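As the structure is a computational prediction, the values presented were derived from the model and not from experiment.
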Amino acid sequence: MTTLFCNLRHFVLLFVFGTLCSNVAARTRYFNFTVQTTNVTRLCNTKALLTVNGEFPGPTSYVREGDKVVVNVTNLSPYNITIHWHGVRQLLSCWADGPSYITQCPIQTNRSYVHRFQIIDQRGTLLWHAHQSWLRASVYGAFIILKKNKVAYPFEKPRLELPPVIFGEWWNANTEDIIAQALAQGAGYNISDAITINGQPGDLYNCSSNGTVVYNAVQGERIMLRLINAGMNFHFYFAVANHSLTVVEADAEYIEPYETDVVVLAPGQTTNVLLTTNNSIGQYYMAVSVYSPPNQTVVPYPNITATAILNYFGATVGSPPLVLPTFPAVNDTAYVDNFFGSLRGKNYSLGYYYYEVPQTADIDLLHTVGYSLQPCPANQTCAGPNGTLIRSSMSNITFISPNVSLLQAYYNNISGVYTTDFPDVPLFQYDYTAVNPDNKAALPGTRVRVIPFNSTVQVVWQDTATLFFESHPIHLHGQNFYIVGMGNGTYNASSDPASFNLVNPVYRNTVSVPFGGWAAVRFRAVNPGVWFVHCHFDIHTSWGMNMAFITLNGVGPSETLPPPPSDFPVC
């Protein structure tokens, strides 16, 4: 079994660390990330895995709100790569955001790039991960923003904080081969061989029990868990056997405490929960299972639960026997819709930054998300329906990645890289949630939507039944958004806004669009730059379910994107 910072000595160190940090003003935090291959063994199989600093998952980075962050990323791997700081707003630091060919060209082998940004008005749990092809399958880690000095939590202070609990996926094969094969064949991909918690599958998988992660805790204490879904293509349920959870944070934003037995996280989402160790002294499974509403024959999924162990000090191993928590059904859309729909934003008091919920929208957008079919190229065999290529799209546009970054093209006025005609409503309008609609087409292109500085924007992301429904996790770079409404079926612009929550909606960077439904978000565009919008299922990103917003400069240096750094990667 693997124990992560989980004995009393480490608890003392964490307490001392927190006490010292609470008395230190904002400062510059320096990190060195070396991307390299490392031999890693899981499921009786050893392979050369892409890692950061030889660690899988990669190192946890602790910073504090207000800090400047400097990360030197050196690429010693055989792949070109970028690193994205998922959920960090990157105010006036778009050059550091990281998605390949959106804000930067990849860091080439044996080259380095220094990311420089400041943590402004954020605190909580986020993550970093690779943003090139499928390299984030193993290149990821926690990014923890400690709250301001001497500022209290807006909830009961936990006595202890355990190390991050990071969900992931493991493939015995090389994931770059997996996605290359899927793109060439034009159909599905070979699913992962295991779900993982902090890189370990746990007791229920072959050759894995010796690596099962153990978290130690003292009976009768309130503890905090930082949950991160770094998985590639699935939502996950999380639960701790015989314990209830109180959700207090979502995507590094405080929320009204929400009691539940099972938490749901889409890929890219983070959630902090409080747990009280109020059971008898013993060991309890912490477990992760898949939520996947499409038919399993259409979208297969790894169906063995990943496990870690919550161990009360004084427990005897194996007595009583460990039991798994109870999860909703793998396709329980009602449970998931209720979970996400029940979360409410925290109305902050003194000491917490708060964006006003936009009561109106200057720009009103309806973007469909779903699958599309493309003709099979000449002299090629394709495995999609009727010999087609399966791809995906937003508003009937399948995103084509450019050969130079969109941000460089925008900043330097390079023509021919993108067009500014991404449609405000889908190119082809039809009954989006009808059974097997006729329209399955999409046009390839690199299109963006330009947004004037300080505009309020509403986006409704509408799931479609072009092949089948899916609960798409849509992630917006560069700013959070308020999730003001969610619903089933086709969005009705005349009646559905009447049900919007414009008082205390949850504030996130990733929204799980309901299966066969829609999600409405609002934000104010106050961060100049080019900001990627994409499905956080990596297969859908690879298939083209992406677009970008360009937020124009405002007035003066505080509203203007600065020039790129001198070591900016070149294509």
Side-chain angles (χ1 to χ4, degrees), residues 1-23 57 60 62 123-125 142 144-147 150-167 197-200 202-203 209-228 238-249 254 257-263 265 270-288 305-326:
M1 294 182 179
T2 300
T3 304
L4 296 182
F5 305 110
C6 295
N7 55 40
L8 284 174
R9 178 171 60 87
H10 282 105
F11 282 146
V12 172
L13 288 175
L14 283 171
F15 176 77
V16 172
F17 172 76
T19 302
L20 289 174
C21 286
S22 68
N23 296 316
T60 296
Y62 283 92
R123 85 298 304 154
T125 301
I144 310 301
I145 306 172
L146 303 174
K147 58 185 175 58
K150 301 180 181 179
V151 175
Y153 287 119
F155 49 80
E156 178 187 352
K157 181 181 178 180
R159 178 67 179 86
L160 297 171
E161 175 185 327
L162 297 183
V165 183
I166 310 176
F167 317 147
I197 298 177
N198 289 359
Q200 296 287 347
D203 288 353
S209 59
N210 287 339
T212 299
V213 178
V214 178
Y215 291 89
N216 287 324
V218 176
Q219 186 185 38
E221 292 191 331
R222 192 73 157 164
I223 62 177
M224 184 162 74
L225 300 175
R226 298 178 182 269
L227 311 178
I228 298 171
F238 172 82
V240 181
N242 300 328
H243 290 74
S244 63
L245 305 171
T246 302
V247 181
V248 293
E249 180 188 300
Y254 297 133
Y258 178 70
E259 301 285 340
T260 184
D261 291 332
V262 179
V263 175
L265 289 91
T270 62
T271 301
N272 285 6
V273 299
L274 300 180
L275 176 152
T276 300
T277 53
N278 54 5
N279 282 329
S280 58
I281 291 177
Q283 292 188 322
Y284 301 88
Y285 268 137
M286 308 164 67
V288 175
T305 300
T307 60
I309 294 174
L310 178 65
N311 177 72
Y312 284 30
F313 279 109
T316 301
V317 176
S319 179
L322 285 158
V323 296
L324 289 171
T326 300

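The structure places CE of Met286 at 12.5 Å from CG of Leu322, a figure rounded to the nearest 0.5 Å. From Phe313, atom CZ reaches atom CD of Glu221 across 9.5 Å, with rounding to the nearest 0.5 Å. Note that the OH atom of Tyr285 and the CG atom of Asn242 stand 13.5 Å from one another [nearest 0.5 Å]. If you take CD1 on Ile144 and CD1 on Ile228, they are separated by 5.0 Å, rounding to the nearest 0.5 Å. The structure places CG of Leu310 at 7.0 Å from CG of Leu162, a figure rounded to the nearest 0.5 Å. One finds the CD atom of Glu249 at 8.0 Å from the OG1 atom of Thr271 (value rounded to the nearest 0.5 Å).
Of all non-hydrogen atoms in Arg222 and Thr246, the two that sit nearest each other are NH2-OG1, 3.5 Å. When all heavy atoms are compared, the tightest approach of Ser244 to Glu259 is OG-OE1, 4.4 Å. Closest non-hydrogen pair, Thr277 versus Val218, comes out as OG1-O, 2.6 Å. Here the shortest heavy-atom pairing between Tyr312 and Asn278 reads OH-N, 3.4 Å. Across all non-hydrogen atoms, the minimal contact from Ala315 to Ile281 is N-CG2, 3.5 Å.
Side-chain N/O atoms of Asp203 and Thr307 include no donor and acceptor closer than 3.5 Å.
Residues Val247 and Leu245 fail the side-chain proximity criterion, which asks for heavy atoms closer than 4.5 Å. Arg226 places a side-chain heavy atom less than 4.5 Å from the side chain of Glu161.
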**OP:** Give the intermediate values and the outcome of side-chain contact (heavy atoms from CB on, under 4.5 Å) for residues Ile197 and Val165.
**Re:** CA-CA 7 Å; Ile197 298 177; Val165 183; 3.8 Å; yes
**OP:** Could you walk me through whether Val273 and Leu275 pass side-chain contact (heavy atoms from CB on, under 4.5 Å), step by step?
**Re:** CA-CA 7 Å; Val273 299; Leu275 176 152; 5.6 Å; no
Original post:
Stepwise, does the side-chain contact (heavy atoms from CB on, under 4.5 Å) test hold for Tyr215 with Ile223?
Top reply: CA-CA 11 Å; Tyr215 291 89; Ile223 62 177; over 6 Å; no
Subject >> Evaluation steps, side-chain contact (heavy atoms from CB on, under 4.5 Å), between Gln200 and Thr212 >> reply: CA-CA 6 Å; Gln200 296 287 347; Thr212 299; 6.0 Å; no
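Listed for the Thr270 side chain is a donor-acceptor partner under 3.5 Å among the backbone atoms of Thr125. Counting only distance, with no hydrogens or angles, the side chain of Asn198 and the backbone of Ile166 share a donor-acceptor pair below 3.5 Å.
Note: Phe167 and Phe238 have parallel aromatic rings, judged against thresholds of 30 and 60 degrees for the angle between ring planes.
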